[in-house]
Amino acid sequence: QVRLVESGGGLVQDGGSLRLTCRISESTFTGTYAMGWFRQAPGKEREFVAAISWNGLLTSTVDSVEGRFTISRDNAKNMVYLQMNSLKPEDTAVYYCAANILAYEHLSQNPIEYSYWGQGTQVTVSS
């Protein structure tokens with residue numbers, strides 16, 4: 001069992017920054033694997049934002065956040081981060097951390113491939 005807890009969301013003005021944190025806890029499974037961030041705005045499908053390989057050397061981001069968002073991880077602390085700069089009102093959504101425990105370097109954009117999810121953290125960007 002893998003438990004994911006996100007934090008760091010909040011209300012920020014257009015052009016502002018936030019850093020989301022995902023804490024990974026494991027009760028029966030230990031190891032490192034690919035992680036992802038997704039987001040879901042009201043009335044919309046859950047959308048891929050970024051993913052990172054087990055060792056942090058490979059990353060992938062969706063085009064709409066390229067150059068503004070950065071995903072990183074610290075395996076010693078069991079943490080995954082999403083640094084979000086130059087935020088826009090269209091970035092407003094609930095952001096979810098997810099674990100793909102069957103992947104090490106495969107950075108999937110398909111939420112179906114992620115077997116564990118956090119509860120989400122709200123990010124609101126005001127114009």
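With 3.5 Å as the limit, one finds no donor-acceptor pair spanning the side chains of E90 and T92. Under the 3.5 Å distance criterion, with hydrogens and angles disregarded, a donor-acceptor pair is assigned to the side chains of N55 and S53. A donor-acceptor pair shorter than 3.5 Å can be found between the side chains of E113 and S108.
Shortest non-hydrogen contact noted between T121 and G9 is OG1-N, 3.2 Å. Summarising the geometry of I24 relative to R73, their closest heavy-atom pair is CD1-NH2, 4.5 Å, with the distance given to 0.1 Å. Closest non-hydrogen pair, I52 versus L107, comes out as C-CD2, 3.4 Å. Across all their heavy atoms, L82 and Y95 have their closest contact at CD2-CD2, 4.1 Å. The heavy-atom pair separating V80 from W37 by the smallest distance is CG1-NE1, 3.6 Å. The shortest non-hydrogen separation linking A99 to Y33 is CB-CE1, 3.8 Å.
Within 6.0 Å of atom CZ in R23, 12 or fewer heavy atoms from other residues, nucleotides or ligands are found, so the atom counts as exposed in its surroundings. Counting non-hydrogen atoms of neighbouring residues, nucleotides and ligands closer than 6.0 angstrom, the CD atom of E45 reaches no more than 12 such neighbours. Sparse packing is recorded around CH2 of W54, with 12 or fewer heavy atoms of other residues, nucleotides or ligands lying under 6.0 Å away.
Rounding to the nearest 0.5 Å gives a distance of 10.0 Å between NZ of K77 and OG1 of T21. In this structure, R3 CZ and N78 CG are separated by 13.5 Å, a value rounded to the nearest 0.5 Å. The distance from atom CD of E105 to atom CG of N100, rounded to the nearest 0.5 Å, is 12.5 Å. Atom OH of residue Y104 and atom OG1 of residue T32 lie 7.0 Å apart, to the nearest 0.5 angstrom. If you take OG1 on T59 and CG on L57, they are separated by 9.5 Å, rounding to the nearest 0.5 Å.
Here the side chain of E26 pairs no donor or acceptor atom with the backbone of Q1 at under 3.5 angstrom. In this structure, R68 contributes its side chain and S86 its backbone to a donor-acceptor pair below 3.5 Å.
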L4 vs M35, test: side-chain contact (heavy atoms from CB on, under 4.5 Å). Steps then yes/no.
CA-CA 11 Å; L4 306 175; M35 297 290 297; 4.0 Å; yes
Please lay out, stage by stage, how S60 and Q109 fare under the test side-chain contact (heavy atoms from CB on, under 4.5 Å).
CA-CA 9 Å; S60 174; Q109 298 189 10; 4.0 Å; yes
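Pairs of residues two or more places apart, or lying in two chains, that qualify as disulfide (SG to SG under 2.5 Å) and include a residue from residues 63-127 are C22-C97. Within the structure, every pair that satisfies the side-chain hydrogen bond (donor to acceptor under 3.5 Å, both in side chains) test and touches residues 11-20, not counting sequence neighbours, is listed here: S17-N85.
Taking the six-membered ring where the residue is Trp, F48 and F38 present perpendicular rings, their angle passing 60° and hence far from 30°.
When D91, V94, L20 are each tested for a side-chain contact (heavy atoms from CB on, under 4.5 Å) with R39, only one passes: D91.
Between K88 and S127, the closest side-chain pair of non-hydrogen atoms is not below 4.5 Å. Proximity of T124 to V12: side-chain heavy atoms (C-beta onward) are nowhere separated by under 4.5 Å.
Follow the hydrophobic side-chain contacts under 4.5 Å out from V2 and you never reach M79; the two are in separate clusters. Y96 is not connected to Y81 by any chain of hydrophobic side-chain contacts under 4.5 Å among Ile, Leu, Val, Met, Phe, Trp and Tyr, and they are in different clusters.
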